[in-house]
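This report refers to the structure that appears directly beneath it.
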Amino acid sequence: MENKKINLKKISDMTYEVLNSPFYVDGKGGQLGDRGTIAEANIVEVKENIVILDKNLEDGEYTYSINEKRQEDIRQQHTAQHIFSAEAYNNFGLNTVGFRMAEEYTTVDLDQKDISKEVIEKLEELVNKDIKADILVEEEIYTNEEAHKFENLRKAIKEKIKGDVRFIKIGDVDICACAGFHVSRTSEIEIFKIINHENIKGNYTRFYFLAGDRAKNDYNKKHDIIKKLTNTFSCKDDEILEMLDKSLKEKASVTAELKSLGMRYAELMAKDFENTFIDYKDFKILIYNENENLVGILPKFINLDKFLLLIGYNTSYTLMSNIYDCKEIIINIVKNFPNIKGGGGKNKGNIKLDKAYNRNELIEIIKKGIDSNNE
């Protein structure tokens with residue numbers, strides 16, 4: 001096969017002008033753009049007569065290739081969108097007011113909210129019926145004057161189109177002006193699946209769909225997930241939700257029981273813990289950094305009218321007291337330790353450490369905050 005060549009002229013770092021660019025532009029008509037290679041560089045973005053690469057090349061002539069598998073995926077998604085929009089319009093009077101193809105899925109916005117489950121299921125059924133029917137997809141070119149003579153088009157021809165108009169005709173299902181990629185027969189799409197829908201902008205419904213290999217890959221991924229869940233719960237496919245609900249209830253019960261035990265344990269240990277205070281310059285300091293689960297519970301049982309409590313785990317700590325000024329102490333800690341962040345009010349504040357400190361190191365940090373406060 002003859003090597004295809006283009007000329008590059010550098011505009012800025014990894015960005016090049018390409019005259020008479022052969023690459024489809026990202027986002028044009030809602031469609032994905034081309035990807036491929038130019039020499040040893042990969043194309044990461046395509047604009048009008050501009051390409052952005054993943055490495056720098058010198059100005060000059062280079063061979064290029066376009067990712068044909070990606071183009072085939074785009075054809076499947078784009079033709080599926082035409083069919084979906086046509087069936088929505090033809091059968092339910094729903095107009096397409098938005099279309100965007102992303103790397104993971106395609107979205108279509110219809111001009112009605114709260115579309116019923118029955119209509120959605122029927123739409124999916126109609127699209128797959130058209131795909132199975134192996135309808136010929138044709139490209140037809142008309143002069144601008146001829147194009148504007150078409151009546152009852154579901155999508156009006158944009159005024160900015162001044163020359164000939166390219167139409168995509170899908171049998172009796174749809175005819176629509178379009179400059180994007182399309183399959184030659186509907187059977188090439190293989191399968192269509194709506195994966196989600198939601199109300200947007202007050203009066204519209206956004207549909208998320210997959211077609212072709214995307215839909216098959218999604219099925220395989222979800223099948224693997226279901227298989228793992230059936231093995232985990234030792235159940236059949238249709239019992240997964242029941243088993244999951246049972247598991248969540250058991251987890252909630254265990255969590256509640258652990259919380260109750262944690263409260264009782266914290267209450268019992270609080271008195272002994274208060275005896276571990278460090279007496280420093282009229283400050284009675286308590287420090288706790290042992291059990292992450294007790295960090296949120298223990299303060300409930302500490303007499304903050306007597307102590308300055310520093311409690312936390314790993315790098316996140318809270319300073320609490322009803323008699324000492326936590327805000328001032330934290331300000332001084334941050335001033336003396338540039339890598340430590342923090343802030344808060346007089347009775348409570350948060351400290352974010354730059355690393356995990358041991359108990360003795362935490363004591364020295366608090367002492368430094370107190371010393372600066374007393375200077």
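With Phe84 as reference, Phe207 is the one residue of Phe92, Phe207, Tyr208 to meet the ring pair (Phe, Tyr, Trp, His ring centres under 6.0 Å) rule.
Thr37 and Asn42 are not linked by any side-chain donor-acceptor pair at a separation below 3.5 angstrom, with hydrogens and angles left out of the test. Between the side chains of Asn314 and Tyr317, no donor-acceptor pair of N or O atoms lies under 3.5 Å. Inspection of the Asp114 and Asn199 side chains reveals an N or O donor paired with an N or O acceptor under 3.5 Å. There is a side-chain donor-acceptor pair under 3.5 Å between Gln71 and Asp34. Under the 3.5 Å distance criterion, with hydrogens and angles disregarded, no donor-acceptor pair is assigned to the side chains of Ser187 and Lys132. In summary, the side chains of Thr315 and Lys355 do not present any donor paired with an acceptor at a separation below 3.5 Å, with no hydrogens or angles considered.
Contact detail for Lys155 and Ala177: the closest heavy-atom pair is NZ-O, 4.2 Å. In terms of heavy-atom proximity, Asn332 sits nearest to Asn336 at O-ND2, 2.7 Å. Of all heavy-atom pairs between Ile170 and Ile135, the closest is C-CG2, 3.9 Å. In terms of heavy-atom proximity, Gly180 sits nearest to Arg166 at O-NH1, 2.9 Å. Residues Leu210 and Glu104 come closest through the heavy atom pair CD2-O, 3.1 Å. Phe181 and Arg75 make their closest contact through CB-CG, 3.6 Å (heavy atoms, listed as atom of the first residue, atom of the second, distance).
Within a 6.0 Å radius of NZ in Lys346, other residues, nucleotides and ligands contribute 12 heavy atoms or fewer. Crowding of Asn196 atom CG: a count of heavy atoms from other residues, nucleotides or ligands under 6.0 Å exceeding 12. Counting heavy atoms of neighbouring residues, nucleotides and ligands inside a 6.0 Å radius, atom NZ of Lys122 does not exceed 12 of them. Environment of OH in Tyr105: sparse, with no more than 12 heavy atoms of neighbouring residues, nucleotides or ligands closer than 6.0 Å. Open room surrounds CG on Leu241; 12 or fewer heavy atoms of other groups in view lie less than 6.0 Å from it. Within 6.0 Å of CD on Glu58 lie no more than 12 heavy atoms contributed by other residues, nucleotides or ligands. Other residues, nucleotides and ligands contribute over 12 non-hydrogen atoms within 6.0 Å of the OH atom of Tyr280.
Among pairs with a residue in residues 250-272, none fulfils side-chain hydrogen bond (donor to acceptor under 3.5 Å, both in side chains), at least two apart in sequence or across chains. Pairs of residues two or more places apart, or lying in two chains, that qualify as salt bridge (Lys or Arg N to Asp or Glu O under 4.0 Å) and include a residue from residues 195-207 are Asp109-Arg206. Applying the salt bridge (Lys or Arg N to Asp or Glu O under 4.0 Å) definition to pairs two or more places apart or across chains, none involves residues 296-324. For residues 176-193, the salt bridge (Lys or Arg N to Asp or Glu O under 4.0 Å) pairs, not counting sequence neighbours, are Glu124-Lys193, Asp134-Arg185, Glu190-Lys216.
Taken to the nearest 0.5 Å, the CG atom of Leu309 stands 9.5 Å off from the CD1 atom of Ile366. Annotation: the span from Ile120 atom CD1 to Thr205 atom OG1 amounts to 7.0 Å, rounded to 0.5 Å. Here the straight-line distance linking atom NZ of Lys284 with atom CG of Asn303 works out to 9.5 Å at 0.5 Å rounding. Taking CD1 of Ile285 as the start and CG of Leu319 as the end, the distance is 9.5 Å to the nearest 0.5 Å.
Taking the six-membered ring for Trp and thresholds of 30 and 60 degrees, Phe23 and Tyr64 have ring planes more than 60 degrees apart, a perpendicular arrangement. Using cut-offs of 30° and 60° for the angle between ring planes, the Phe209 and Phe192 rings count as tilted.
Linking ILVMFWY side-chain heavy atoms closer than 4.5 Å, directly or via other members, places Ile370 and Ile363 in a single hydrophobic cluster. Residues Tyr313 and Met263 fall into different hydrophobic clusters, defined by Ile, Leu, Val, Met, Phe, Trp and Tyr side chains chained together at heavy-atom separations under 4.5 Å. Hydrophobic clustering, with ILVMFWY side chains joined whenever heavy atoms are under 4.5 angstrom apart, groups Val137 together with Ile189.
A salt bridge links Arg154 to Asp174: at least one charged side-chain nitrogen sits closer than 4.0 Å to a carboxylate oxygen. Between Glu103 and Arg70, at least one side-chain N (NZ, or NE/NH1/NH2) sits under 4.0 Å from a carboxylate O, which counts as a salt bridge. Asp26 has a carboxylate O that lies under 4.0 Å from a charged side-chain N of Arg35, or vice versa, which qualifies the two as a salt bridge. Residues Arg214 and Asp218 are not paired through a salt bridge, judged by the lack of any N-O separation under 4.0 Å between the basic side chain and the carboxylate. Salt bridge annotation for Asp213-Lys69: absent, with no cationic side-chain nitrogen under 4.0 angstrom from a carboxylate oxygen. For Asp371 and Lys367, the salt-bridge test fails: no basic side-chain N is under 4.0 Å from an acidic carboxylate O.
For His182, the ring-ring contact (aromatic ring centres under 6.0 Å, His included) partners at least two apart in sequence or on another chain are His78, His82. Qualifying ring-ring contact (aromatic ring centres under 6.0 Å, His included) partners for Phe167, counting only residues two or more places apart in sequence or in other chains: Tyr142, Phe150. For the side chain to side chain contact (heavy atoms under 4.5 Å, CB included) test, residues two or more places apart in sequence or in another chain that qualify with Glu121 are Lys117. Under the side chain to side chain contact (heavy atoms under 4.5 Å, CB included) criterion, Leu258 pairs with Val254, not counting sequence neighbours. In this view, Phe337 satisfies the ring-ring contact (aromatic ring centres under 6.0 Å, His included) rule with no residue, not counting sequence neighbours. Annotation: side chain to side chain contact (heavy atoms under 4.5 Å, CB included) contacts of Leu229 (sequence neighbours excluded): Ile225, Phe233, Ile240. Take Tyr204 and apply the ring-ring contact (aromatic ring centres under 6.0 Å, His included) test, not counting sequence neighbours, and it matches no residue.
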Verdict with reasoning, Ile351 to Ile330, per side-chain contact (heavy atoms from CB on, under 4.5 Å): CA-CA 7 Å; Ile351 299 172; Ile330 292 174; 4.0 Å; yes
CA sep, side-chain torsions, deciding dist, call: Ile168, Glu138, side-chain contact (heavy atoms from CB on, under 4.5 Å): CA-CA 6 Å; Ile168 296 299; Glu138 301 172 275; over 6 Å; no
Verdict with reasoning, Asp13 to Asn56, per side chain to side chain donor-acceptor pair (under 3.5 Å): CA-CA 7 Å; Asp13 187 45; Asn56 283 307; 2.8 Å; yes
Candidate pair Ile131 and Ile191, rule side-chain contact (heavy atoms from CB on, under 4.5 Å), full reasoning: CA-CA 7 Å; Ile131 291 170; Ile191 189 170; 5.9 Å; no
Stepwise side-chain contact (heavy atoms from CB on, under 4.5 Å) check, Phe273 with Ile302: CA-CA 9 Å; Phe273 173 62; Ile302 301 302; 3.6 Å; yes
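Between the side chain of Asp111 and the backbone N or O of Leu94, no donor-acceptor pair lies under 3.5 Å.
Members clustered with Ile52: Val44, by chain and number, using a 4.5 Å side-chain heavy-atom cutoff among hydrophobic residues.
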